[in-house]
Colleague: 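Questions regarding the structure given below will be posed in turn.
All of these numbers come straight from a predicted model, not from anything done at the bench. First the proteins, then the strands, lettered A, B, ... as listed; each starts at 1.
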Amino acid sequence: MRLPPPDVSRTLLGDMIRIRVMEERCAELYQQTKIRGFLHLAVGEEAIATGVIHQLDPDDAVVGTYREHGHALLKGVTANAIMAEMFGKAEGCSGGRGGSMHLFDAATRFYGGNAIVGGHLPLAAGLGFADKMLGRSRATVCFFGEGAMAEGEFHETMNLVSLWDVPVLFCCENNLYAMGTSLETSEAETNLAVKAAGYGLPAWTVDGMDVVAVYDAAARALATVRAGEPVFLEFRTYRFRAHSMFDPDLYRSREEIEEWKTRDPILTFGERLQREEVLDEAGIARLWDRAGEEMDEAVAFAEAGTLEPVDNLERHVYRREVA
Amino acid sequence: MRLPPPDVSRTLLGDMIRIRVMEERCAELYQQTKIRGFLHLAVGEEAIATGVIHQLDPDDAVVGTYREHGHALLKGVTANAIMAEMFGKAEGCSGGRGGSMHLFDAATRFYGGNAIVGGHLPLAAGLGFADKMLGRSRATVCFFGEGAMAEGEFHETMNLVSLWDVPVLFCCENNLYAMGTSLETSEAETNLAVKAAGYGLPAWTVDGMDVVAVYDAAARALATVRAGEPVFLEFRTYRFRAHSMFDPDLYRSREEIEEWKTRDPILTFGERLQREEVLDEAGIARLWDRAGEEMDEAVAFAEAGTLEPVDNLERHVYRREVA
Amino acid sequence: MTEITYRDALHDALEEALSKDERVFIMGEDVADYGGTYAVTKGLYEKFGRHRVRNTPLSESGFVGLGIGAALGGLKPIVEVMTVNFSLLALDQIVNTAATFLHMSGGQFNVPVVIRMATGAGRQLAAQHSHSLECWFAHVPGLRVVAPATVTDARWMLATALDDPDPVVMFEHATLYPTTGDLDDSGPVDIDTARVLRSGSDVTIIGWGGTVHKALSAAGELQHQGVEAEVIDLRSLRPIDDATIMASVSQTNRVVVVDEGWRSGGLSAELAARITEAAFYHLDAPVARVCSREVPIPYAKHLEDAALPQVDEVVAAAREVLGG
Amino acid sequence: MTEITYRDALHDALEEALSKDERVFIMGEDVADYGGTYAVTKGLYEKFGRHRVRNTPLSESGFVGLGIGAALGGLKPIVEVMTVNFSLLALDQIVNTAATFLHMSGGQFNVPVVIRMATGAGRQLAAQHSHSLECWFAHVPGLRVVAPATVTDARWMLATALDDPDPVVMFEHATLYPTTGDLDDSGPVDIDTARVLRSGSDVTIIGWGGTVHKALSAAGELQHQGVEAEVIDLRSLRPIDDATIMASVSQTNRVVVVDEGWRSGGLSAELAARITEAAFYHLDAPVARVCSREVPIPYAKHLEDAALPQVDEVVAAAREVLGG
Ligand SMILES: Cc1ncc(C[n+]2csc(CCOP(=O)(O)OP(=O)(O)O)c2C)c(N)n1
Ligand SMILES: Cc1ncc(C[n+]2csc(CCOP(=O)(O)OP(=O)(O)O)c2C)c(N)n1
Ligand SMILES: [Mg+2]
Ligand SMILES: [Mg+2]
């Protein structure tokens with residue numbers, strides 16, 4: 001696939017690096033017990049969020065899972081607000097009430113951070129449905145893991161969006177495992193695009209380790225979505241780290257992991273940009289440095305953040321409080 | 001399709017007639033307020049229960065919906081016990097606690113009478129799974145309407161039985177409507193066999209108005225099931241009456257109903273048996289008479305039945321009562 | 001005051017809502033040309049069209065979730081779950097999404113959805129079709145739960161619920177649809193307060209939804225026996241209007257709660273607990289609870305009747321708290 | 001007495017069950033080679049093989065229902081729903097099938113399934129992963145609901161639950177898994193009764209699951225203050241063992257219930273209501289309830305701590321029922 005224009009290509013690489021640096025930082029901060037609760041990292045999967053979200057307009061909506069840090073960052077939530085959220089600070093994008101699994105941001109139309117597997121698919125359908133009914137052509141993008149496809153919510157949502165022509169882009173991040181359960185032990189039909197196509201919507205498989213392939217596929221899919229139809233994309237990918245910080249990661253062979261690491265989307269795309277002379281080594285190093293600085297600042301911001309007063313505990317249960 | 005042997009053919013016709021007579025009698029008894037609650041009749045759909053259940057052994061299991069009178073009758077629950085159940089009598093097959101929607105019988109392995117649409121599919125899978133684990137080759141048959149296929153339970157169950165090779169025969173009684181909702185407004189994929197085949201199990205469509213076609217298909221499907229694999233059959237059929245006694249039935253045209261009535265499985269099969277000289281008009285009349293007598297007796301039995309003492313209300317909540 | 005059925009009152013409320021605000025739409029199983037299982041939406045499809053009165057496939061989790069998302073997207077969805085029995089399939093969406101979104105997002109995303117459902121027993125529909133699970137919903141912070149018991153509330157609660165920025169679950173007792181009552185047409189009502197339907201100084205009887213009418217019948221019967229019962233229609237099951245309840249209890253010092261839910265862990269327990277907490281030293285007797293017996297509701301009429309709270313039991317409970 | 005972790009006690013119980021009866025199998029998400037999210041089933045897959053220790057796809061309704069059917073078919077399924085938060089997806093199967101089948105069938109079909117799940121908050125998992133919904137299950141006739149709080153119950157309740165002919169739902173508080181305790185290895189225990197874990201005559205503190213340990217800590221603290229608290233571990237949430245509770249209350253006349261569920265409509269309300277009904281004229285103060293605050297549980301530690309019932313609140317509540 002042809003490279004996007006140089007500036008776009010550089011941004012794609014830079015943004016994958018930003019996600020990577022942020023998440024590696026999160027892992028350290030978890031060890032330091034600055035971040036708590038569940039922490040799910042998408043290291044290795046950065047090309048998907050990056051390629052897709054770079055095709056979005058500011059008023060498009062994104063609905064994510066608990067493995068959503070990168071998606072939030074690229075949709076425009078600041079690293080500061082994300083990091084503060086994981087620190088449980090009032091300055092966090094969810095006021096410290098959500099944590100890693102529940103990043104939210106109304107300004108950038110980032111609808112979570114949803115932690116019931118499959119539970120956010122109907123929600124995404126509803127957002128798309130509202131746009132359709134109100135005659136707006138903006139898009140809604142819903143990310144989810146391949147594990148979600150066994151849930152009844154997947155089935156019900158696909159049928160509804162297909163029947164009603166609801167403009168949503170469904171992005172399956174197929175990293176081959178749902179925690180320790182491999183795809184072939186959880187799905188009778190392991191070709192997920194075929195499975196989705198059974199609902200009568202356009203569906204195809206994309207190399208999720210190649211940001212250009214993702215970027216191109218997203219453009220094509222979004223053209224259909226903006227014209228008012230749902231699309232399903234399966235992105236084949238792999239997480240280089242364990243499911244969460246609690247996972248000893250004993251169910252995958254070292255060889256399998258190492259094999260996939262040779263396809264590291266940042267590595268391979270960086271090499272390509274050098275090969276095609278869009279960026280040199282120093283240019284790439286600068287991207288890493290800049291991301292490092294951004295995340296240093298984010299950590300400092302989070303550290304300096306304040307705690308929501310305990311007296312405010314019961315706020316935000318209802319928007320309209322009853323006296 | 002070739003006729004089954006004459007005795008079998010006669011029984012198939014006779015049993016369809018028994019169901020028809022029983023259900024028409026139920027409709028009258030409902031008007032007379034002898035039967036209450038919800039009453040769903042399968043008039044027009046008799047060929048399916050008849051053709052399938054005639055391929056079963058006594059220790060095979062049947063799991064039905066709320067539209068299950070005929071299935072119960074042919075599985076071997078007596079008309080007496082069924083009728084008494086609908087009258088709410090202690091002599092009913094569920095002791096009067098179930099009613100029309102919840103016919104049960106342990107002796108004949110009839111597992112209901114289940115009234116949450118789609119909710120009994122996992123249950124049927126579990127029965128089949130138990131047989132598999134315990135090395136028994138008996139079959140489980142699960143009947144459901146096409147409306148159930150939009151539910152998440154359908155999706156989850158199909159995936160599980162296909163993944164785990166669970167020996168269950170899934171019989172979709174596609175009567176084109178779920179209450180007033182037509183198939184094309186509720187399913188993106190209206191070819192239900194194709195939909196089911198997507199889960200990787202054998203699936204095909206059968207003329208549900210032709211008892212011989214049903215009988216043959218069931219034999220073929222059950223051979224696979226007894227060998228340890230799930231099968232899905234879609235039976236195309238039509239209900240000649242409304243969804244339930246509360247349904248004014250305004251959503252189907254008179255023409256459509258009349259058109260389907262020309263395919264009445266009892267009428268057409270009776271004609272065929274006459275044509276092929278298996279039965280003459282008098283022989284058919286005798287079947288109706290005999291069914292009439294059976295149901296007369298059932299109604300008398302139900303009328304004469306007793307009421308469970310109110311003091312026993314809290315029985316059967318737990319098999320093991322705590323002091 | 002005009003006489004109207006509960007069904008028509010709801011119908012008129014829905015029609016008004018659709019007329020007033022383009023963002024309102026109705027979605028549910030057979031709500032369109034069929035007119036709803038209980039005929040509540042009859043004629044609305046013809047008037048407002050298939051986009052705004054939408055039949056859904058049998059997919060409770062899917063379409064309730066879609067309604068929640070649509071509310072987040074700027075619509076005002078009225079989602080009809082045919083009955084509470086089927087709402088079990090949608091509970092994850094209601095509890096884990098609708099009820100949590102505002103809080104999890106630090107106050108950014110409210111969910112102005114209205115979810116209507118029929119509830120209750122009394123029509124010989126047996127164990128899977130006779131639940132009264134209002135108490136489950138009333139347990140969940142983030143939800144508002146209302147139960148219109150009168151035609152006036154059936155007519156006017158909906159508009160208030162639709163204006164509410166938070167998710168509102170509305171329970172309609174299935175036996176009420178064909179009943180008639182006098183409509184107070186002075187317009188919108190609140191969805192927060194309980195209401196005293198009948199005044200009396202001897203004993204307070206609290207009900208909601210389907211039990212309000214049993215409470216009123218019992219009060220009538222008690223009057224014949226020389227007892228003046230005050231009847232409170234709870235109306236809002238979450239939040240519970242303590243002020244109205246406690247004002248009554250402080251006069252009567254005796255309470256009977258009538259709850260069609262099972263006794264153990266039902267809403268009657270919450271009412272008994274909070275009344276006792278607030279009025280312990282005034283109460284002349286423990287709060288009496290008249291509830292459903294703890295069985296899956298059986299089909300046979302005499303058993304179903306025995307399983308459900310009945311007027312004579314309410315009368316007996318009132319006499320008992322009055323000291324026999 | 002040997003010291004053991006709660007996790008290992010459960011593990012040993014599962015291992016024993018699989019060893020003893022061929023009909024027993026375990027099913028759930030990542031229960032096999034992964035060893036369970038909480039490492040409870042570690043090693044069982046290796047020992048008993050993939051047929052008897054079975055990974056399921058993410059399909060809570062499907063596999064819980066399959067377990068119910070398998071129980072009807074003659075197996076003894078132990079279904080692990082990873083946490084109560086996801087059990088919302090399976091509630092229809094549990095309530096409309098498992099709990100109703102025996103009754104609907106007039107006593108013909110019992111459902112001997114055991115459904116285990118982790119429950120509770122306290123690990124900063126936020127609003128969708130911190131539910132304590134035991135009260136919902138405890139409301140449903142046809143279900144038995146137990147909550148092992150001690151390593152002894154973790155070790156021995158399972159066998160009794162498996163022998164039970166009816167569906168048993170077992171709640172394991174997620175914070176308990178790594179904790180240790182002294183195992184009473186005298187063998188099987190009942191699943192019907194409450195147990196007095198500590199005797200005292202001044203006040204009765206009732207907890208279950210995760211709150212038992214808070215109750216015990218509070219009792220320790222109260223002792224320093226000269227107050228002798230009796231601590232009851234409820235153990236069985238349905239049925240509730242009134243006899244044990246009332247025997248204690250008749251001595252102390254004062255009760256504190258500690259419930260990690262939300263206050264309104266929680267199991268604490270049921271306990272308060274039935275204790276008040278039975279002991280109204282003995283109680284020196286209304287039953288006090290120490291519960292979670294009525295918010296979706298927030299992530300930030302200080303907010304989560306503030307939302308959950310804490311030892312100092314139990315102590316304060318005890319002092320309050322004792323008259324300050
Ligand atoms: C309904 C539900 N069941 C179980 C879980 C526990 N759980 C969290 S993530 C996960 C695996 C999901 O895998 P997948 O959908 O492939 O996404 P991935 O984590 O691989 O990105 C599980 C089982 C959950 N959060 N929700
Ligand atoms: C989960 C659920 N939702 C809704 C209903 C109400 N309901 C009962 S039967 C029915 C239609 C089912 O149609 P189908 O599955 O095609 O079976 P049919 O009645 O046509 O035989 C509906 C909506 C129900 N019983 N269960
Ligand atoms: Mg995955
Ligand atoms: Mg149908």
Colleague: Could you have a look at B/Gly92, B/Gly112, B/Ala130 and say which one has the most heavy-atom pairs with chain D under 4.5 angstrom?
Modeller: B/Ala130

Colleague: Is it the backbone or the side chain of D/Val113 that comes under 4.5 Å from a heavy atom of chain B, or both, or neither?
Modeller: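 When you check distances to chain B, no heavy atom of D/Val113 falls under 4.5 Å.
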
Colleague: Pick one of side chain, backbone, both or neither for B/Leu127, based on which atoms fall under 4.5 Å of a heavy atom in chain D.
Modeller: both

Colleague: Chain B heavy atoms under 4.5 Å from D/Ser105: which part of the residue, side chain, backbone, both or neither?
Modeller: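 Answer is both: backbone and side chain atoms of D/Ser105 are under 4.5 Å from chain B.
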
Colleague: Is it the case that D/Arg144 places NZ or CZ above or below the six-membered ring of B/Tyr318, under 6.0 angstrom from the centre and within 45 degrees of the axis?
Modeller: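 The answer is yes; both the distance and angle limits are met.
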
Colleague: Flag the pair D/Arg195 / D/Asp153 as yes when at least one side-chain heavy-atom distance between them is below 4.5 Å, and no otherwise.
Modeller: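 In short, these two side chains touch, coming nearer than 4.5 Å.
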
Colleague: B/Glu308: what forms a salt bridge (charged side-chain N to carboxylate O under 4.0 Å, His left out) with it, not counting sequence neighbours?
Modeller: B/Arg97

Colleague: Can you see whether D/Asp163 engages D/Thr160 through a side-chain donor-acceptor pair at a distance of less than 3.5 angstrom?
Modeller: no

Colleague: Find the one option among D/Gly74, D/Ala98, D/Gly67, D/Gly107 whose heavy-atom pairs under 4.5 Å with chain B are most numerous.
Modeller: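 Sorted descending by pairs with chain B, the first entry is D/Gly107.
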
Colleague: Would you mind telling me which of B/Gly113, B/Ala115, B/Gly99, B/Gly119 has the largest number of heavy-atom pairs within less than 4.5 Å of chain D?
Modeller: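 Most heavy-atom pairs under 4.5 Å with chain D: B/Gly119.
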
Colleague: Given heavy-atom pairs under 4.5 angstrom as the criterion, report whether the side chain, backbone, both or neither of D/Pro239 touches chain B.
Modeller: side chain

Colleague: Under 4.5 Å, heavy atom to heavy atom, which residues of residues 133-140 of chain B contact chain D?
Modeller: B/Met133, B/Leu134, B/Arg136, B/Arg138

Colleague: Cation-pi check for D/Phe25 against D/Arg54: NZ or CZ below 6.0 Å from the six-membered ring centre and within 45 degrees of the axis, yes or no?
Modeller: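 Judged by the rule (NZ or CZ under 6.0 Å from the ring centre, within 45° of its axis), D/Arg54 is not positioned above D/Phe25.
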
Colleague: Do the ring centers of B/Phe143 and B/His71 come within less than 6.0 Å of each other?
Modeller: yes

